[in-house]
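In what follows, a structure is listed as structure tokens, so that the remarks can point back to it.
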There are 2 protein chains.
Amino acid sequence: MSFQQPISHDSSLGVAVDIVLLTVVESRLKVLLTFRDILPYENSWSLPGGFVGSNESADQAALRELKAKAGIEEVFLEQLYTFTNPQRDPRSRVVSVAYYALVSADKGHGRGGSRAAQWFDLGTDSAHSLWVNQPNDRLRLAFDHADILMTALSRIRGKLEYAPIGFQLLPYKFTLTELQQVFEAILGAAIDKRNFRAKIQRSGQIRALEEFRTGSHRPARLYTFEGPVF
Amino acid sequence: MSFQQPISHDSSLGVAVDIVLLTVVESRLKVLLTFRDILPYENSWSLPGGFVGSNESADQAALRELKAKAGIEEVFLEQLYTFTNPQRDPRSRVVSVAYYALVSADKGHGRGGSRAAQWFDLGTDSAHSLWVNQPNDRLRLAFDHADILMTALSRIRGKLEYAPIGFQLLPYKFTLTELQQVFEAILGAAIDKRNFRAKIQRSGQIRALEEFRTGSHRPARLYTFEGPVF
DNA sequence: TCAAAAGTGTTAGTCGTACACCCATGC
DNA sequence: GCATGGGTGTACGACTAACACTTTTGA
């Protein structure tokens, strides 16, 4: 039996952040991945991330990485979970403080067309977790990033029900149909239109504007997010 | 544009775990604190914790520390949040992966009477956060441990509503009054007896036993936890 | 005038909440 | 027989979920 002696501080683990950056485009949930052209996991895709600098918090590191890798500055960012399996990085011991971030599609495309970072579709129906568990050949995620992605998806799905995070994926003005599409994309399931609208209106989180989005059919009223009143 | 070369890994942050270990004794929520007889924060109380070993996960480190500092082995343990303020430890850079743990009072007293580790009362009414924010002189917590404790309390209060964690604070057999007292201790508020019992019964999480706890009054039926059926 | 998306109400079941009295036991 | 904690039911309001048709516009 191994008696663990008191651990010396200079065991020197590395600390990194990894970010699950999500957006919704045309009713589809998308995640930003970066391409690795170096070992380990050369030619795999991975979550954007990097090491935490010696004089910054993990939050700051995550924001810095988002700006550098995705060109994104205004973003909703929350800590997700910290992954600490000693074997998660084959090179050396690195613990990863994972974050999830949500951007609206209009802000979210600073980069992402580049060869180094691309948006990947998370599937249209409830097959999210399937997809993540059994990625196709094109998409074998590096390290434990598939775990991180799954954890993020299930956290966000849960949180969507009670926290006003859906709005983070939309621009300032949006239609109720767009909002519903965001919910459906995240939950991976269809929602009844009347019930959804009634519930959202009841919640008092949105305010109707006197503006309409005009398209090729009946114009849709625009709304804006207005946090709950305390 | 800065192509980020991997930030030199040897910035060598330390990684520690800190654990908010809670129990409920006689309707009072208690937290286990350890006494620091060394600098920094000499003569303060702190959450039990320690550095993560170079070959163990943070979960394993937390379990090891719980066993070492509190003599506790069977315990419900979940990761809470990772605290990464660069100044949180005045000696050197240490990030802390915080956990919360729940034990039933019957298991929870392996240690805790020792000079090094003691159970502290978290106040009987809804004044929890007040108490934590403005600790009396006896109780000024080391590092950012007051933050960690507050985060744990608010997480647990939230989670109590939808996850079966209340049972973790009770022995295998318990009365409904005991269960209600656990809920009241955590929420810091009184609960209506009839509503509580109806709700718990409805949830299908407990099973009635044909045993009774006999005391100085009418005997109370014992129940046992039985996870939700899938 | 037609295609397409916007918009709207009712019903039934379930859950939360407020509230007061009788029951079984030890002393 | 009394003090103490154990145990029970009902009514109202709010929310969930199922379900189909009319309105407005551009083409």
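Labels below follow one simple rule: chain letters A, B, ... track the order of the sequence lines, proteins then strands, and each chain is numbered from 1.
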Name the nucleic acid region contacted by [X], choosing base, sugar-phosphate or nothing; use a 4.0 angstrom heavy-atom cut-off, strictly under.
X: T214(A); result: nothing
X: T175(A); result: nothing
X: R202(A); result: base

In D121(A), L141(A), L149(A), I19(A), the residue satisfying side-chain contact (heavy atoms from CB on, under 4.5 Å) with V31(A) is L149(A)
Walking DNA chain C from its 5' end, the first of N195(B) and N195(A) to be reached, judged by nearest nucleotide, is N195(A)
Tell me: [atom1] of [X] to [atom2] of [N], nearest whole Å?
X: F212(B); N: dG26(C); atom1: CZ; atom2: C1'; answer: 17 Å
X: D192(A); N: dA20(D); atom1: CG; atom2: P; answer: 10 Å
X: I191(B); N: dG16(C); atom1: CD1; atom2: C1'; answer: 13 Å
X: L176(B); N: dC23(C); atom1: CG; atom2: P; answer: 20 Å
X: L179(A); N: dA5(C); atom1: CG; atom2: C1'; answer: 17 Å
X: E26(B); N: dG5(D); atom1: CD; atom2: P; answer: 13 Å
X: F196(A); N: dG9(C); atom1: CZ; atom2: P; answer: 18 Å
X: Q201(B); N: dG16(C); atom1: CD; atom2: C1'; answer: 17 Å

For F143(B) and Y41(B), I'd like to know if the aromatic rings sit close, meaning centre-to-centre distance below 6.0 Å. yes
Would one find a side-chain N or O of S216(B) under 4.0 angstrom from OP1 or OP2 of dT4(D)? no
Looking at T177(A), does any N or O in its side chain come under 4.0 Å of the phosphate oxygens OP1/OP2 on dA6(C)? yes
Let's go through E56(A) and R64(A) carefully: what are the C-alpha distance in whole Å and the side-chain angles of both, what is the deciding distance for side chain to side chain contact (heavy atoms under 4.5 Å, CB included) to 0.1 Å, and is it a yes or a no? CA-CA 10 Å; E56(A) 64 182 355; R64(A) 174 175 53 71; 2.6 Å; yes
Gap between atom NE2 of H145(B) and atom CZ of F83(B) - 0.5 Å precision: 9.5 Å
[X] side chain, from C-beta outward: closest of [options]:
X: R218(A); options: dG7(C), dT17(C), dG6(D); answer: dG7(C)
X: K193(A); options: dG7(C), dG6(D), dG7(D); answer: dG7(C)
X: R197(A); options: dA6(C), dC19(C), dC19(D); answer: dA6(C)
X: H217(B); options: dT24(D), dT25(C), dG9(D); answer: dT25(C)
X: P219(B); options: dG7(C), dC19(C), dT25(C); answer: dT25(C)
X: R194(B); options: dT8(C), dG26(C), dT8(D); answer: dT8(D)

Okay, side chain of K30(A), backbone of L122(A): is any donor-acceptor separation there less than 3.5 Å? no
Under a 4.5 Å cut-off applied to non-hydrogen side-chain atoms, are L176(B) and R221(B) in contact? no
Check if the side chain of K199(B) and the base of dG16(C) share a donor-acceptor pair of N or O atoms closer than 3.5 Å. no
